[in-house]
Structures are given as structure tokens and as C-alpha cells.
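A quick write-up on the structure given underneath.
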Amino acid sequence: MSDSGLNLDASQEIKITVMQLKIERLEEKQADLRERLKVVEKWVIGAAAVIAAATTVIGFATNISKAYL
């Protein structure tokens, strides 16, 4: 293999191939982590919505009970 006059020996080619495989594995792990992060984000958003709704309902209930006292 030669690029612009540079010759690579077998050990250099092996190192390059190993590095390429490592990069591919890291890219796969990165994609997996992104998918897992999306799932966690959905859970967090859902939990925040439930907490906000509960806080609102409790606030209304408290104000209504104060009105009747």
C-alpha cells in the first residue's frame, strides 16, 4: 500500500487495521449509549410532567380547602 510515495510495512498496516476496528466498536458503543440516553430522557420528562401535575393539583386543593375554612 503506498500513498504519495509513502510505503507502509505489514506491522503498520496491522496497527491501522486494529485501530479501525477499535474505532468501529467505539462508534457502536456510542450509538448504544445515545439510545439509552434517549430512553432516560423520556423517563425524566415523564416524571417531571407527573410532578408538575401533582404540584398543581395539590396547590388547587390547598386553595379550595382554605376557601371553605
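Excluded from the calculations below are hydrogen atoms, water molecules and symmetry mates; all remaining heavy atoms, backbone and side chain alike, are included.
Applying the side chain to side chain donor-acceptor pair (under 3.5 Å) rule to Asn63 yields no partners; only residues at least two apart in sequence or on another chain are considered. With sequence neighbours excluded, the residues that form a salt bridge (charged side-chain N to carboxylate O under 4.0 Å, His left out) with Lys38 are Glu35.
In this structure, Glu13 CD and Ile16 CD1 are separated by 7.0 Å, a value rounded to the nearest 0.5 Å. Separating the CD atom in Gln12 from the CD1 atom in Ile14 is a distance of 10.5 Å, to the nearest 0.5 Å. Note that the CD1 atom of Ile23 and the CD atom of Gln20 stand 7.0 Å from one another [nearest 0.5 Å].
Taking the side chain as every heavy atom from C-beta outward, Arg36 and Leu33 approach each other to under 4.5 Å. Contact of the Leu26 side chain with the Gln30 side chain is not registered, since no non-hydrogen atoms from C-beta on lie closer than 4.5 Å.
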